[in-house]
Amino acid sequence: MRSANLESSPIRILLVEDNADDALLLERHLKRNGLTIEIARVETSEEMQNALDGPASPDLILADYNLPTFSGPAALQLLKRWGLDLPFIMLSGAVSEEIAVSSMRAGAHDYVTKQNLSRLVPAIERELQDASTRRNRIAAERALRESEARFHSLIEAMPMGLLIADEAGHITYANRAAERLLGYVDNGFLSDSISLAAVCPALGEAHTALINNSFLTAPFESVCMHLDGGSVEALIGIVVLNSEAPSAERRFAVFIADLTLQKKSEEVLRRTEKLAIVGRLAASIAHEINNPLEAIYNCLYLLSQTNLPEDATSYLALAQRELERVTQITVQTLRYYRSSTSRANTDVHELIATVLSLLEPRLRHLNIKVVRRFRADPLVFAHDGEIRQVLVNLIGNAIDAVPEGGCIMLRTSTARDWKHGQQGIAITVADNGVGVDPAARHRVFEPFFSTKGDTGTGLGLWVSHEIAMKHRGNIRLRSRQGESGGSSGTVFRFFLPLGENSQTEIAEPATATSQ
């Protein structure tokens with residue numbers, strides 16, 4: 001029985017035949033047997049090529065075995081060169097069985113003699129149906145390959161690591177994310193027959209447990225081993241891909257999500273919480289100290305109004321100065337936790353002077369020379385207390401770094417942040433101290449990181465960096481450690497933009513004083 005698609009449209013037949021009468025008889029026979037057909041007759045190789053190259057490709061080729069200048073076998077070879085999968089039926093008069101077999105071996109789908117055309121119609125229907133089945137199968141195989149390629153590309157591109165392992169726990173596949181995560185990108189993940197237990201001991205245990213009970217295990221956090229000997233914190237899940245298969249054929253999928261950034265974020269959050277606690281404690285202590293300080297200040301004031309010996313008066317004046325310093329420190333501590341809500345035009349040179357006044361006893365005790373070179377208009381639009389805090393931290397660190405009798409240079413100059421197009425002032429604090437170790441230079445702005453051992457809190461430079469960022473500025477570090485008697489020292493450059501409300505014009509006054 002003919003299929004529905006054969007009845008719905010004409011069958012395009014390419015007939016390789018030199019006899020027009022035979023072609024007419026063949027056409028009548030096919031139509032008389034119920035086929036709707038369109039026949040194109042060719043006699044030469046060139047005509048056949050033009051027909052195959054035409055806008056409407058034939059559905060079927062019927063070819064006479066012998067032609068004066070062409071032949072059925074030659075037409076069959078031409079069809080093969082074109083790479084078309086078309087039903088090809090050889091036609092001929094009386095022919096030996098040997099020739100028929102050789103034609104079939106050459107690729108013809110059937111062989112029909114002109115004396116027995118009753119076999120032709122069933123052969124055409126069968127071959128058209130087979131060709132349709134082959135096309136559908138090829139299309140399905142192509143679609144499957146494309147789907148597999150898309151799936152493989154997706155697996156390779158996804159950021160989560162994927163491992164496939166066999167029943168014994170040996171890894172048979174790893175995507176690029178897994179290889180990057182574990183350090184095998186350039187070293188061949190599968191070549192060494194690595195096991196799940198070698199990647200992560202806890203994963204090997206989960207794999208064994210899954211084999212024994214076949215229950216789905218919940219994702220768990222663990223540590224994977226990196227190729228260089230390090231460790232990677234990860235969230236791991238493992239499932240059976242084909243639980244219905246025999247145990248020897250089962251495959252296991254392992255998903256690995258890198259938790260490194262998450263763990264770092266959690267650590268930063270913990271440090272931020274610690275800083276908040278430290279800030280609240282510092283503010284509370286400073287507030288409580290203020291009350292007795294005021295009482296002491298009033299008592300000293302009343303005492304100064306009495307008649308005292310000259311030595312007692314000098315001691316009293318010294319006590320009042322030191323008490324003012326303590327009061328200033330408590331106020332700065334409160335400002336550290338409760339920064340002012342509004343900015344104002346702030347004189348940077350005046351802030352430097354107050355900081356040096358605050359640190360003057362330490363400078364005098366260590367015989368440290370301070371050289372000032374101010375070459376910029378000092379006004380910026382900023383929180384004065386916060387900028388003072390930065391200067392205290394930078395100059396205080398310089399004092400800690402230089403040896404007794406050392407030197408600290410303070411410079412101000414006009415500057416420009418070319419990255420953001422901002423005009424501003426650069427405040428430079430340079431010392432001739434021991435310098436910062438290269439391994440520590442990229443960490444000096446981290447909270448709780450200190451190069452001073454037990455004497456440092458690790459908060460000063462972190463707070464300074466945060467204040468600079470808040471003012472849309474930055475702090476840069478350059479340092480050198482002397483080798484073989486060479487010079488050493490550290491330079492901090494604090495860039496502070498002028499701000500939108502600054503009323504100053506950048507000038508270049510040149511002054512230099514030393515203390």
Side-chain angles (χ1 to χ4, degrees), residues 1-43 45 47-67 70-144:
M1 179 179 291
R2 292 177 56 198
S3 60
N5 65 325
L6 295 182
E7 298 177 346
S8 60
S9 59
I11 303 172
R12 296 186 298 273
I13 297 177
L14 180 62
L15 178 61
V16 182
E17 174 63 67
D18 64 322
N19 191 314
D21 293 335
D22 286 352
L24 181 59
L25 291 174
L26 181 63
E27 182 177 0
R28 287 179 179 176
H29 174 79
L30 296 178
K31 290 180 177 179
R32 189 181 306 120
N33 282 272
L35 295 184
T36 303
I37 60 174
E38 293 178 358
I39 292 184
R41 186 171 66 88
V42 298
E43 299 184 25
S45 172
E47 291 176 348
M48 181 175 175
Q49 292 185 57
N50 293 334
L52 294 175
D53 196 29
S57 177
D59 300 315
L60 176 77
I61 297 177
L62 301 177
D64 194 354
Y65 189 84
N66 287 310
L67 281 80
F70 201 28
S71 68
L76 181 58
Q77 293 302 316
L78 178 60
L79 180 64
K80 284 185 176 181
R81 287 198 300 272
W82 275 71
L84 297 177
D85 182 17
L86 297 177
F88 190 99
I89 299 177
M90 197 78 75
L91 297 175
S92 184
V95 68
S96 66
E97 182 178 347
E98 183 179 339
I99 294 178
V101 171
S102 65
S103 297
M104 299 292 286
R105 287 178 176 175
H109 294 92
D110 208 340
Y111 198 105
V112 178
T113 62
K114 293 182 178 180
Q115 290 80 9
N116 188 20
L117 291 180
S118 60
R119 287 190 60 250
L120 184 58
V121 172
I124 290 176
E125 292 179 337
R126 183 187 66 251
E127 295 305 327
L128 289 175
Q129 187 63 51
D130 290 348
S132 176
T133 301
R134 287 196 303 275
R135 284 193 295 270
N136 291 338
R137 186 185 68 253
I138 293 173
E141 291 173 351
R142 182 183 300 111
L144 178 61

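Note that the structure is predicted; figures quoted are calculated from it, not measured. Numbering of residues begins at 1 and proceeds along the displayed sequence.
Side-chain atoms of Thr133 come within 3.5 Å of backbone atoms of Gln129 as a donor-acceptor pair (strictly under, hydrogens ignored). Under the 3.5 Å distance criterion, the side-chain polar atoms of His109 are matched with a main-chain donor or acceptor of Phe88.
Note: Arg135 CZ to Ile138 CD1 = 9.0 Å, rounded to the nearest 0.5 Å. Considering CG of Leu25 and CG of Leu30, their distance stands at 11.0 Å, rounded to 0.5 Å. The structure places OG1 of Thr113 at 14.5 Å from OH of Tyr65, a figure rounded to the nearest 0.5 Å. Here OG of Ser71 is found 9.0 Å from CD of Gln77. Values are rounded to the nearest 0.5 Å. The distance from atom CD of Glu141 to atom CZ of Arg134, rounded to the nearest 0.5 Å, is 12.5 Å.
With a 4.5 Å cut-off on side-chain heavy atoms, Leu35 and Ile13 do not count as touching. For the pair Met48 and Phe70, the minimum side-chain heavy-atom distance is below 4.5 Å. Residues Gln49 and Ser45 are in side-chain contact: their nearest non-hydrogen atoms beyond the backbone lie under 4.5 Å apart. Residues Pro58 and Leu52 form a side-chain contact, since some pair of their non-hydrogen atoms from C-beta on lies under 4.5 Å apart. A 4.5 Å side-chain heavy-atom check between Ile39 and Leu62 finds every atom pair outside the cut-off. The shortest distance between side-chain heavy atoms of Pro87 and Ile124 does not fall below 4.5 Å. Residues Leu14 and Leu86 have side chains not in contact (no heavy-atom distance under 4.5 Å, counting atoms from C-beta outward). At least one side-chain heavy atom of Arg119 sits less than 4.5 Å from a side-chain heavy atom of Asp110.
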Q.
Does Ile37 form a side-chain contact (heavy atoms from CB on, under 4.5 Å) with Leu60? I'd like the steps, not just the answer.
A. CA-CA 10 Å; Ile37 60 174; Leu60 176 77; over 6 Å; no

**Q.** Test side-chain contact (heavy atoms from CB on, under 4.5 Å) applied to Leu91 and Leu26, step by step
**A.** CA-CA 11 Å; Leu91 297 175; Leu26 181 63; 4.0 Å; yes

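Across all their heavy atoms, Val16 and Ala75 have their closest contact at CG2-CB, 4.2 Å. Heavy-atom minimum distance, Val121 versus His29: CG2-NE2, 4.3 Å.
Sorted by first and then second residue, the pairs that involve residues 51-65 and meet salt bridge (charged side-chain N to carboxylate O under 4.0 Å, His left out), not counting sequence neighbours, are Arg12-Asp59, Asp64-Lys114. Applying the salt bridge (charged side-chain N to carboxylate O under 4.0 Å, His left out) test to pairs two or more places apart or on separate chains, those with a residue in residues 30-42 are Glu27-Lys31, Arg41-Glu43.
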